[in-house]
Participant: 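Here's a structure for you.
Per chain, numbering begins at 1; letters A, B, ... match sequence-line order. The basis for the numbers below is simple: all heavy atoms, side chains too, and nothing from hydrogens, waters or symmetry mates.
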Protein chains: 2
Amino acid sequence: MTAARQKPATIRDVARAAGVSVGTVSRTVNAPETVRAATLERVRATIAALGFRPDARAQSMRRRNTLTIGFIINDISNPLHAMLFKAAEIDLRERGYSLHLVNTAGNAKREAEAIETMQHGRVDGIIMTINNEQDRRCLDRLQSLRVPSVLLDREIKLDIDAVFTDHAAGMEQATDYLIGLGHRRIGIVTFGPEILPGRERIRGFEQAFLRRGLEVPHDLIRGHGPGADFGFRDASALLQGPDPPTALIAGGNQLLVGALRAIQQERLDIPAQLSVVTCDRTDLSALYPGPLAVIVRDLDEMGRTAAQLLLERIAGGASMPVRRIRLPTTFVLGRSCAPPRASVATHAAELTRLA
Amino acid sequence: MTAARQKPATIRDVARAAGVSVGTVSRTVNAPETVRAATLERVRATIAALGFRPDARAQSMRRRNTLTIGFIINDISNPLHAMLFKAAEIDLRERGYSLHLVNTAGNAKREAEAIETMQHGRVDGIIMTINNEQDRRCLDRLQSLRVPSVLLDREIKLDIDAVFTDHAAGMEQATDYLIGLGHRRIGIVTFGPEILPGRERIRGFEQAFLRRGLEVPHDLIRGHGPGADFGFRDASALLQGPDPPTALIAGGNQLLVGALRAIQQERLDIPAQLSVVTCDRTDLSALYPGPLAVIVRDLDEMGRTAAQLLLERIAGGASMPVRRIRLPTTFVLGRSCAPPRASVATHAAELTRLA
DNA sequence: TCGATTTATGATAACGTTTCCAAAGATAGC
DNA sequence: GCTATCTTTGGAAACGTTATCATAAATCGA
């Protein structure tokens with residue numbers, strides 16, 4: 001850093017030094033089989049000597065691509081989101097792409113800006129999770145999208161490829177399991193209905209009750225944004241309510257953090273006093289206070305699928321039909337679920353009454 | 001996606017449609033004060049009508065910059081790393097930059113490749129955490145760096161700006177606290193000595209003993225890479241040893257995950273049977289089994305500082321002196337530390353013997 | 001060895017901007 | 001109304017590549 005950085009050699013410098021035309025240098029790099037062996041060697045030597053590497057800007061300009069993919073995400077410090085990024089990156093790098101990452105913090109303005117900036121010669125495609133599906137700015141940008149794109153876990157009434165999780169089915173399975181254990185007062189804290197995972201999880205939750213002909217405990221459904229604070233507030237409210245739940249589902253890994261804080265505060269023992277189910281594996285769900293029951297999705301596959309869809313779209317062009325891929329979940333039992341005490345009590349009471 | 005995307009309007013299209021020269025359109029966008037009001041209005045209307053936006057590639061090529069910063073990191077799904085990214089991104093975006101993210105997984109080849117690819121017209125600067133300081137490929141690339149760069153938490157014998165944490169001081173403080181509680185058998189699992197945080201943490205750990213004139217428990221120091229598995233293996237080994245530690249320091253947040261798994265397996269109660277100190281706040285350290293004592297660093301400040309250094313370097317050029325900024329840590333007491341049982345027992349035994 | 005073919009190379013025009021310079025237009029002073 | 005000055009514009013040359021096309025060189029068959 002003390003020495004002044006000399007400016008990089010251009011293709012013209014190489015051509016001059018090797019005594020060939022720029023075209024030959026270009027071919028040496030991009031189509032060596034069309035260059036005579038002797039020339040090839042000489043030019044390659046010169047390239048090495050001058051430390052020449054083609055300028056990416058000039059290349060993209062001429063080739064009309066950028067070898068860059070935009071990745072727009074809500075919160076990269078959420079390890080689940082990061083997993084998606086990593087999975088997509090591996091596949092995309094293999095094909096020569098680098099990734100541009102924008103962290104929007106769920107902010108509609110930033111989302112709109114990110115889409116906007118990426119439009120004009122910055123990326124060849126976009127993988128994104130848009131949190132403000134109904135925000136005009138975002139929608140407008142999406143509508144006039146000039147770049148192949150894939151939506152992650154979002155469903156927008158526009159012709160955009162998407163890959164998402166079958167949150168509803170996963171949630172229904174978990175809820176049904178709790179019902180099977182005897183729980184009726186089951187609470188859920190999850191995202192708001194304005195984003196797909198929130199909507200779907202609540203739908204799956206309700207479905208489980210309906211299919212069994214039971215009444216849905218509407219008073220125990222809380223759907224406000226992601227974030228640990230929502231989790232804490234909503235879980236606290238539920239646990240302190242007049243008729244508190246005997247089981248709690250945290251539909252979101254940050255919500256789990258808040259929910260566990262609330263459970264800790266109420267000094268409830270898992271699973272003796274409260275059964276807990278969570279979505280997505282995290283360090284916390286694996287360890288506290290022992291593995292929790294969890295609705296697992298394969299984020300690696302999701303990231304890879306998104307990359308795949310995008311690559312196909314880039315290759316196939318706009319005329320290809322829109323694809324929407326739905327990935328399944330698995331329910332993994334931990335040590336956080338048990339039959340409800342209350343139900344045992346009630347059951348005993350009923351028996352007594354009958355006797 | 002059903003309709004074919006029409007190709008974007010160029011500055012020439014706008015010029016033709018507005019009946020002016022391309023120069024005037026360019027000035028309308030970049031230096032409106034030099035354009036007559038009437039012309040300005042007409043050109044702006046045309047720009048809006050055609051949906052023109054300058055092509056980023058052509059701009060960068062002409063302006064000789066990219067408004068892009070490269071961010072090379074070990075593991076973006078580590079929330080601490082992600083925090084650095086987010087902090088840096090906020091400051092950089094304000095100045096018009098977007099970020100290119102490469103996740104290297106600590107792989108030397110990928111690190112070298114990432115640095116290499118970013119060299120030629122892809123980014124205006126790089127913020128990076130290089131894990132293979134001594135790998136020739138990486139060093140070579142770093143040595144011939146053509147782009148302003150800042151190292152995060154790494155110290156390389158090259159003239160590169162850097163910002164790092166005073167890991168040694170933080171660790172010394174925490175270790176000293178445990179010693180003060182009466183612990184002598186203190187174990188530590190952290191990174192290897194080949195990366196700065198590993199070296200420094202071990203140094204601080206030893207320092208704490210030395211300053212008190214105590215012998216360093218060398219047999220309880222474990223420094224192998226990051227990653228939960230190392231944490232589990234090393235912590236297990238320590239806890240199952242012939243003379244196990246009464247306190248354990250996890251020097252790395254992923255190491256903590258593994259260490260806690262080991263502690264859970266040994267059925268040790270925190271802090272009754274084992275005191276625990278960890279580095280960096282995470283969801284896990286905050287909740288399990290109650291807040292853990294933690295050596296905290298301000299990652300937000302670190303990310304911001306890196307961005308600041310980089311911006312100054314980009315503006316100031318290579319002739320500016322190299323800066324190395326060291327940030328302090330804070331030790332936050334949780335509920336995971338207590339005097340050692342053994343020491344009480346030993347103490348009692350000694351008293352008995354004396355009597 | 002000579003034309004017919006194939007292969008390798010050079011010259012040049014893009015790609016879409018910005019920026020310089022000169023020319024044209026507007027404005028002001030008298 | 002005319003020159004001198006200041007603004008506003010147009011034209012054209014970069015920026016560093018790739019790709020097309022024509023030409024030059026090498027190869028081949030007879």
Participant: Can you check whether B:Ser26 reaches B:Ile11 side chain to side chain, under 4.5 Å on heavy atoms?
Facilitator: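 With C-beta onward as the side chain, the pair touches.
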
Participant: Indicate, yes or no, whether a donor-acceptor pair under 3.5 Å links the base of D:dT18 to the side chain of A:Arg62.
Facilitator: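 Between D:dT18 and A:Arg62, which were checked side chain against base, a qualifying N/O pair under 3.5 Å is present.
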
Participant: Take the protein atom CZ of B:Arg12 and the nucleotide atom P of D:dA13, then report the distance between them rounded to whole Å.
Facilitator: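 After rounding, the reported distance stands at 13 Å.
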
Participant: Let me know the distance between CZ of A:Arg36 and C1' of C:dT9, rounded to the nearest Å.
Facilitator: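 Those two atoms, CZ and C1', are 9 Å apart.
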
Participant: Using a 4.0 Å heavy-atom cut-off across all strands, classify A:Thr39 as base, sugar-phosphate, or nothing.
Facilitator: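 Sugar-phosphate contact only.
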
Participant: Within the structure, does a side-chain N or O atom of B:Gln59 lie under 4.0 Å from either OP1 or OP2 of C:dG16?
Facilitator: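 B:Gln59 to C:dG16 OP1/OP2: no side-chain N or O under 4.0 Å.
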
Participant: Just the rounded figure in Å: distance from C1' of D:dG16 to CE of A:Met61.
Facilitator: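 After rounding, the gap between these two atoms is 8 Å.
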
Participant: Check whether any side-chain nitrogen or oxygen of B:Arg57 sits under 4.0 Å from OP1 or OP2 of C:dG16, and answer yes or no.
Facilitator: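 For C:dG16, neither OP1 nor OP2 has a side-chain N or O of B:Arg57 closer than 4.0 Å.
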
Participant: A:Asn65 has an atom CG; how far is it from atom C1' of D:dT18, in whole Å?
Facilitator: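 From A:Asn65 CG to D:dT18 C1': 12 Å.
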
Participant: What is the distance, to the nearest angstrom, from the CD1 atom on A:Ile11 to the P atom on D:dT17?
Facilitator: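 The answer, rounded to whole Å, is 5 Å.
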
Participant: Do B:Asp135 and B:Lys109 meet the salt-bridge criterion of a basic N to acidic O distance under 4.0 Å?
Facilitator: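 No, B:Lys109 and B:Asp135 are not salt-bridged.
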
Participant: Whole-Å distance between D:dG16 C1' and A:Asn30 CG?
Facilitator: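 About 13 Å, once rounded to whole Å.
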
Participant: From CG of B:Leu40 over to P of D:dT8, roughly how many Å is that when rounded to an integer?
Facilitator: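 One finds 10 Å between P of D:dT8 and CG of B:Leu40, rounded.
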
Participant: Of the listed nucleotides (D:dG10, C:dT12, C:dT19), which one gets closest to any side-chain atom of B:Ser26?
Facilitator: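 From the listed options, C:dT19 comes nearest.
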
Participant: CZ of B:Arg27 versus C1' of D:dA12: gap in Å, rounded?
Facilitator: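 So the CZ-C1' distance, B:Arg27 to D:dA12, works out to 13 Å.
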
Participant: Let me spell it out: for each of B:Gly19 and A:Phe52, pick the nucleotide of DNA chain D with the closest heavy atom. Which residue's pick is nearer the 5' end?
Facilitator: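 Per heavy-atom nearest nucleotide, the more 5' residue is B:Gly19.
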
Participant: Please confirm whether the shortest side-chain N or O distance from B:Thr24 to OP1 or OP2 of D:dG10 is below 4.0 Å.
Facilitator: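 It does, given that an N or O in the side chain of B:Thr24 lies less than 4.0 Å from OP1 or OP2 of D:dG10.
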
Participant: So A:Thr10, base contact, sugar-phosphate only, or nothing? Heavy-atom distance under 4.0 Å.
Facilitator: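 Counting heavy atoms under 4.0 Å across all strands, the contact made by A:Thr10 is with sugar-phosphate only.
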
Participant: Nearest to the side chain of B:Asp55, heavy atoms from C-beta on, is which of D:dG10, C:dG16, D:dT18?
Facilitator: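 Closest nucleotide to the B:Asp55 side chain: C:dG16.
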
Participant: Out of D:dT17, C:dT17, C:dC15, which has the shortest distance to the side chain of A:Arg64?
Facilitator: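 Between D:dT17, C:dT17, C:dC15, the one nearest the side chain of A:Arg64 would be C:dC15.
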
Participant: For a quick check under 3.5 Å, do A:Arg154 and A:Asn131 share a side-chain donor-acceptor pair by atom type?
Facilitator: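 Side chains of A:Arg154 and A:Asn131: pair found under 3.5 Å.
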
Participant: Measure the shortest side-chain to side-chain distance between A:Leu152 and A:Phe71 over non-hydrogen atoms and say whether it is less than 4.5 angstrom.
Facilitator: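 Side chain of A:Leu152 against side chain of A:Phe71, heavy atoms only: contact under 4.5 Å found.
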
Participant: Side chains of B:Met128 and B:Leu142: closer than 4.5 Å at any heavy-atom pair?
Facilitator: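 The answer is yes; the side chains approach within 4.5 Å.
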
